[in-house]
Amino acid sequence: MTMTKGRRQRHPQASSEKSDGRRHRAKRAIFAVCLILLASALAALGTWQVERLAWKRDLIARVVQRVHAAPVPAPARADWNKINATDDEYRRVTAAGTLANDQETLVYASTALGPGYWVMAPLTLADGTSILVNRGFVPTDRRDPASRREGEVSGPVEITGLMRMTEPKGSLLQSNDVVADRWYTRDVAAIAHKRGVSAVAPYFIDADATANPGGLPVGGLTVIAFPNNHLLYAITWYGLAAMVLALLVFILRGERDAI
């Protein structure tokens, strides 16, 4: 009997299955790495929201302190370049001067008293500079100054209120129409330019609730509200990170059981 000598060959199907297994494990490893990176990114977003939460709480505490503090003189021209929202917004201030009622500007407003307008008037100071003052709210049917002459105060006045930052260009829904004299935000520079007021402060003052003659405008309607959803956002990001890690553990256990 003649025996055929030769090297025993591997079964082609077994070799293919082994190769497929390696590719499958490589894909799982890459997917696992991607999940780790994703979980890390989500956790980082959660940590960022925790930091934002601390910042927001500090901001609210500082604003509350300013609102209830004794009023201080409004920043003079020499200090205008130092003004910023972080340090000065909602600070209680006082300013003395003369209201230029003939240069008032009406800005659309929606308040607890209903729709109407903010009455913005320049307050001319002794040094010749001006501060735009939001004297308060008037309803739509009293927008005409002739309908509220008692409130058009003449002579020296002292205004106490909250320092506010300018609101340039307009709101998210409406842009200020300078040409048509339609205003949706308190844009100090644009209003001053429209009314021909020079040397105007880069901020305005929301007058307090001190009653004006005749009852209009109504001051003291400043709404101080800071959305603070950072804790919810942090929980959401951390929760998503935990879900991704849970999926990773599930995949790794499946890989281990398959070995």
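FYI, the numbering just counts along the sequence from 1. Computed from a predicted model, the values in this text were never measured in an experiment.
Grouped by direct or indirect side-chain proximity (heavy atoms under 4.5 Å, Ile/Leu/Val/Met/Phe/Trp/Tyr only), L37 sits with V33.
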Output a table of donor-acceptor pairs, distance under 3.5 Å, between side-chain atoms of residues 128-135 and any protein atom two or more places apart or on a different chain; print 'none' if there are none.
unit_1	atom_1	unit_2	atom_2	d
T129	OG1	D127	OD1	2.6
T129	OG1	D127	OD2	3.4
N134	OD1	G136	N	3.2
N134	ND2	D206	OD1	2.7
R135	NH1	G151	O	2.9
R135	NH2	G151	O	2.7
R135	NH2	N212	OD1	3.2

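A61 meets the side-chain contact (heavy atoms from CB on, under 4.5 Å) test with no other residue; sequence neighbours excluded. Considering only residues two or more places apart in sequence or on other chains, S171 meets the side chain to side chain donor-acceptor pair (under 3.5 Å) condition with none of them. Remark: Q103 engages no residue in a side chain to side chain donor-acceptor pair (under 3.5 Å) (not counting sequence neighbours). Listed by chain and number, the residues in a salt bridge (charged side-chain N to carboxylate O under 4.0 Å, His left out) with R195 are D181 (sequence neighbours excluded). Take D58 and apply the salt bridge (charged side-chain N to carboxylate O under 4.0 Å, His left out) test, not counting sequence neighbours, and it matches R62. Under the salt bridge (charged side-chain N to carboxylate O under 4.0 Å, His left out) criterion, R91 pairs with D88, sequence neighbours left out. Residues meeting the side chain to side chain donor-acceptor pair (under 3.5 Å) test with D87, sequence neighbours left out: N84.
For residues 107-138, every residue pair satisfying the ring pair (Phe, Tyr, Trp, His ring centres under 6.0 Å) rule, not counting sequence neighbours, is listed here: Y108-Y117, Y108-Y184. Applying the salt bridge (Lys or Arg N to Asp or Glu O under 4.0 Å) rule to pairs touching residues 93-109 yields E104-R148, sequence neighbours excluded. Sorted by first then second residue, the ring pair (Phe, Tyr, Trp, His ring centres under 6.0 Å) pairs that include residues 27-63, not counting sequence neighbours, number zero.
Of the N and O atoms on the side chains of T185 and N176, at least one donor lies less than 3.5 Å from an acceptor on the other residue.
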